[in-house]
There are 2 protein chains.
Amino acid sequence: MFSKATEYALRATIYLAKKSSPDKKIGIGEIAKAIDSPPSFTAKILQSLTKDNTLVSSVRGPNGGFFLTENAKKLPVRAILIAMGEDEVLEKCVLGLKRCSEVQPCPMHEQYKSIKQLLIKLFTNKSIQQLANEIKEGEVYISNKINHQ
Amino acid sequence: MFSKATEYALRATIYLAKKSSPDKKIGIGEIAKAIDSPPSFTAKILQSLTKDNTLVSSVRGPNGGFFLTENAKKLPVRAILIAMGEDEVLEKCVLGLKRCSEVQPCPMHEQYKSIKQLLIKLFTNKSIQQLANEIKEGEVYISNKINHQ
DNA sequence: ATAAATAAAGATAACTTTATCCTTTATTGT
DNA sequence: ACAATAAAGGATAAAGTTATCTTTATTTAT
Ligand code: FES
Ligand code: FES
């Protein structure tokens with residue numbers, strides 16, 4: 001559904017929502033290990049997410065690293081998709097028509113539109129924080145490797 | 001959601017379901033025009049779908065072309081995804097974990113699983129023929145260009 | 001001030017996807 | 001048989017994705 005880059009972005013951001021704060025920054029090494037992703041690629045992705053500083057924040061130097069502000073944690077998961085330039089996936093026509101709408105619907109549209117609405121609702125209504133909380137609540141994972149913390 | 005190749009495969013197959021039969025074969029030129037796709041790329045894709053001859057069929061030479069058998073038209077849309085090697089999209093974890101299951105669910109899983117089931121059901125229960133019929137019934141399109149036939 | 005730590009930036013490489021074009025093979029009608 | 005037609009197959013190329021590594025810039029602690 002999403003690109004590898006966006007999958008890593010989602011997992012990394014959720015991890016940051018769970019573990020970081022403005023005075024507890026997390027290094028790329030720990031992040032990549034926690035979400036089971038390639039470190040340097042993940043670095044590049046987080047770098048791009050810090051561009052406007054509303055989603056992911058970072059500081060360099062000792063005790064530096066990446067973190068989310070309280071405001072960032074309240075953002076909808078969809079904000080990550082938007083930042084990654086992959087929000088369109090939620091709006092796209094399943095058959096690849098340029099526009100998915102009632103105006104010129106494809107043969108799947110009538111049946112797909114309700115699923116599409118559920119997808120959009122899910123990514124819009126769920127906040128990054130809410131997802132992070134689910135990890136705390138128990139048997140929910142953000143990595144392929146089960147890590148006993 | 002799907003690759004360009006799979007989008008073209010879906011549109012082309014639906015078009016063939018609507019227009020072709022074992023004694024009415026359609027050339028790649030007409031198909032590509034009808035579904036607004038790059039002709040040679042579409043040819044390659046259909047070529048790959050004729051490999052096992054259960055989905056798309058073809059014959060060369062004059063009056064040759066691509067077509068679907070009555071059996072092929074009855075197949076679920078999902079058969080196209082399987083033939084394109086992209087069926088996994090329906091089963092995948094939204095966050096990119098290697099397995100999407102209750103065993104090691106990601107933070108999105110609890111909310112996503114019902115949407116996933118709807119997606120799987122849609123692609124499994126809808127037949128290629130049913131989609132093609134919707135085009136006949138009226139204002140439903142398979143191309144970006146509105147073509148008055 | 002200096003050294004250490006850490007992200008940012010840049011270059012590059014491997015692989016995949018998308019796409020085109022040319023040649024070959026099979027089929028049909030004459 | 002022969003010519004025309006249309007898909008099959010192969011080579012290739014452009015663009016995008018995934019990934020790594022090296023150098024630079026910034027921050028902190030001593
Ligand atoms: S037009 Fe194809 S899904 Fe809406
Ligand atoms: S485990 Fe992530 S969606 Fe099911």
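Protein chains get the first letters and strands the later ones, always in sequence-line order, with residue 1 at the start of each. Below, all heavy atoms of this structure are taken into account, side chains as well, without hydrogens, waters or symmetry copies.
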Side-chain donor/acceptor of [X] to backbone N/O of [Y], under 3.5 Å:
X	Y	value
Glu86(A)	Ser3(A)	yes
Gln104(A)	Ser143(B)	yes
Lys18(B)	Asn133(B)	no
Asn144(A)	Lys98(B)	yes
Gln130(B)	Ser127(B)	yes

Figure out the [atom1]/[atom2] separation between [X] and [N], and round it to whole Å.
X	N	atom1	atom2	value
Ile28(A)	dC21(D)	CD1	C1'	15 Å
Phe2(B)	dT16(C)	CZ	C1'	19 Å
Asp23(A)	dT28(D)	CG	C1'	16 Å
Glu86(A)	dT17(D)	CD	C1'	11 Å
Leu16(B)	dA7(D)	CG	P	11 Å
Lys25(B)	dT5(D)	NZ	P	17 Å
Gln47(A)	dA11(C)	CD	P	13 Å
Phe41(A)	dA14(C)	CZ	C1'	13 Å

*Along nucleotides 11-16 of chain D, 5' to 3', which nucleotides get a B, which get an S, and which get a -, given that the test is a protein heavy-atom distance under 4.0 Å?*
B-----
*Mind checking the CD-NZ spacing from Glu30(B) to Lys33(B)? Nearest 0.5 Å is all I need.*
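Spacing of CD (Glu30(B)) from NZ (Lys33(B)) equals 9.5 Å.
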*asked:* Between Ile82(B) and Phe123(B), is there a side-chain heavy-atom distance shorter than 4.5 Å?
replied: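 No. Closest side-chain heavy atoms not under 4.5 Å.
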*Quick one: does Ser20(B)'s side chain get under 4.5 Å of Lys25(B)'s, heavy atoms only?*
no
Using a heavy-atom cut-off of under 4.0 Å over every strand shown, decide if [X] touches base, sugar-phosphate, or nothing.
X	value
Ile45(A)	nothing
Leu46(A)	nothing
Ala5(A)	sugar-phosphate

*Considering just the side-chain nitrogens and oxygens of Tyr8(B), establish if one lies under 4.0 Å of OP1 or OP2 belonging to dT18(C).*
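Checking Tyr8(B) against dT18(C): no side-chain N or O falls below 4.0 Å of OP1 or OP2.
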*DNA chain D-proximal residues of residues 49-71 of chain A, any heavy atom under 4.0 Å*: Arg60(A), Gly61(A), Pro62(A), Asn63(A)
*Starting at the 5' end of DNA chain D and moving along, which residue's nearest nucleotide shows up first, Ser40(A) or Gly29(B)?*
Gly29(B)
*Quick one: which of Ile26(B), Val59(B), Ile28(B), Thr13(B) gives a side-chain contact (heavy atoms from CB on, under 4.5 Å) with Phe66(B)?*
Ile28(B)
